[in-house]
Chemist: 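Pasting a structure below so you can have a look.
Only heavy atoms go into these numbers, but all of them, side chains included; no hydrogens, no water, no symmetry mates.
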Amino acid sequence: MKMILHTIAVAFSMFSAVPVPHLEWTPENMRWMLAALPLVGALCGLACWGWAALCAFLALPAVLRGAGLCLLPVLLTGGVHLDGYADTSDALASHASPERRQEILKDSHLGAFAAIRLCGYFLACFALWAALPRYDGPAFLMAFCLSRALSGLAVAAFPLARNSGLAHAFAEAADRKRLRAVLAALAAALALALCWRGTAGVFMAGTALCVFLYYRRMCRVEFGGISGDLAGWFVQTAELWMLGAACAVQYVEPVVRRLS
């Protein structure tokens, strides 16, 4: 039990802004750290669920609900995944070789394309949250967990781009074969649970799978392998597209019912 708590604490210290006891990273508590990553998603999902419920109770305008839902995950994670999203955006916009793109990922400066795409990301995220007709708390809680389960699975399963960095450290410390099996089973369970939520859940799960498959190809072709920044890009991209899928279904379903 102590090692499990240490593993969870290491995951939260790395992937969230939640205060946790400082623990030294060891091979033991890093071995299953990626399996604890979906718990950070669960925290984001619970916080957003609570905010949506509060907004409904107080009859707050959709714009305030959307702003809170857009910003809460960033506040809880400290923007750790957005950092990878920004770096990856700069690298993709360079249209350079995979080796040069890896160099751009390691550059700590924020490029113009990263700034542009971050602005676009937040605008799209805020607009979709504000426009979402109904907030399905359980579905989005599972979506936050699913994006991180798939991200951890990719680190454990995809080829690494380089023999350094956080992704390499996590992959090398992990029991990769068993970790892949656990995260694959968890991702499948979350996807099936999403499907039980109805049509929107089916499309959210399908969208996450499509983004994951695209991500696999992108890592291999555009970067020569996975890295920590690419893992952050995937989390943000998968969550945005799942949100878009849920929003689209909720608007299309009434039209289909009227026409049928």
Chemist: Is it true that, when you exclude Arg117 itself, more than 12 heavy atoms of the residues, nucleotides or ligands shown sit nearer than 6.0 Å to its CZ?
Modeler: yes

Chemist: So that I know where these two stand, are Phe158 and Phe223 an aromatic pair - ring centroids less than 6.0 Å apart?
Modeler: no

Chemist: With sequence neighbours left out, write down each residue that passes ring pair (Phe, Tyr, Trp, His ring centres under 6.0 Å) with Phe203, or none if nothing qualifies.
Modeler: none

Chemist: Indicate yes or no: at least one non-hydrogen side-chain atom of Tyr135 is less than 4.5 angstrom from one of Cys48.
Modeler: yes

Chemist: With the side chain counted from C-beta on, respond yes when Trp233 and Met218 share a heavy-atom pair under 4.5 Å apart, and no when they do not.
Modeler: yes

Chemist: Please round to the nearest 0.5 Å and tell me the distance separating atom CZ of Arg101 and atom OG of Ser94.
Modeler: 5.0 Å

Chemist: Between the side chain of Ser151 and the main-chain N/O of Arg148, is any donor-acceptor distance below 3.5 Å?
Modeler: no

Chemist: Please find the pair of heavy atoms, one from Leu146 and one from Ala187, that lie closest to each other, and give the distance.
Modeler: CD1-O, 3.5 Å

Chemist: Any side-chain heavy atom of Thr237 sitting closer than 4.5 Å to one from Tyr215?
Modeler: no

Chemist: Please report the interatomic distance CG(Leu110) to OG(Ser89), rounded to the nearest 0.5 Å.
Modeler: 9.5 Å

Chemist: Restricting to ring pair (Phe, Tyr, Trp, His ring centres under 6.0 Å), what partner residues turn up for Phe144, sequence neighbours left out?
Modeler: none

Chemist: Compare every heavy atom of Ser13 with every heavy atom of Val10, then report the nearest pair and how far apart it is.
Modeler: O-OG, 2.7 Å

Chemist: Once you round to the nearest 0.5 Å, how far does OH of Tyr85 lie from CG of Leu92?
Modeler: 9.5 Å

Chemist: Do Thr77 and Val80 have side chains that get closer than 4.5 Å, going by heavy atoms?
Modeler: yes

Chemist: Quick one: do Phe234 and His81 satisfy side chain to side chain contact (heavy atoms under 4.5 Å, CB included)? Show the steps, please.
Modeler: CA-CA 8 Å; Phe234 170 76; His81 304 302; over 6 Å; no

Chemist: Would you give the length of the straight line joining atom CE of Met14 to atom CG of Leu34, rounded to the nearest 0.5 angstrom?
Modeler: 10.5 Å

Chemist: Under a 3.5 Å distance rule, please check whether Arg65 uses its side chain to pair with a backbone N or O of Leu132 as donor and acceptor.
Modeler: yes

Chemist: Nearest 0.5 angstrom please: Cys55 SG to Leu64 CG, how far?
Modeler: 6.5 Å

Chemist: Under the criterion side-chain contact (heavy atoms from CB on, under 4.5 Å), which of Leu76, Leu37, Val20 is the partner of Phe12?
Modeler: Val20

Chemist: For residues Pro133 and Gln250, report the shortest heavy-atom separation together with the two atoms involved.
Modeler: CD-OE1, 3.2 Å

Chemist: Does the side chain of Cys145 reach to within under 4.5 Å of the side chain of Met142, using non-hydrogen atoms?
Modeler: no

Chemist: Compute whether any side-chain donor of one residue and acceptor of the other, for Glu253 and Thr199, lie under 3.5 angstrom apart.
Modeler: yes

Chemist: Are Met242 and Phe140 side-chain neighbours, meaning at least one heavy-atom pair lies under 4.5 Å?
Modeler: no

Chemist: Are side-chain heavy atoms of Leu160 and Ser227 found at a separation under 4.5 Å?
Modeler: no

Chemist: Hey, does the side chain of Asp229 reach the backbone of Thr88 with a donor-acceptor pair shorter than 3.5 angstrom?
Modeler: no

Chemist: Applying side-chain contact (heavy atoms from CB on, under 4.5 Å) between Leu82 and each of Asp87, Leu118, Val235, report the one that passes.
Modeler: Leu118

Chemist: Answer yes or no: is there a side-chain heavy-atom contact under 4.5 Å between Met33 and Leu179?
Modeler: no

Chemist: Quick one: does any side-chain atom of Glu239 pair with a main-chain N or O of Ser147 as donor and acceptor, under 3.5 Å?
Modeler: no

Chemist: With a sphere of 6.0 Å drawn around CZ of Phe126, does it hold more than 12 non-hydrogen atoms of other residues, nucleotides or ligands?
Modeler: yes

Chemist: Work out which heavy atom in Cys70 is nearest to a heavy atom in Cys125; give both atom names and the distance.
Modeler: SG-SG, 3.8 Å

Chemist: Check this for me: Tyr251, atom OH, are more than 12 non-hydrogen atoms of other residues, nucleotides or ligands nearer than 6.0 Å?
Modeler: yes

Chemist: Taking atom CG of Leu150 and atom CZ of Phe212, what is their separation to the nearest 0.5 Å?
Modeler: 5.5 Å

Chemist: Which heavy atom in Gly78 sits nearest to a heavy atom in Ala17, and how many Å separate them?
Modeler: N-CB, 3.8 Å

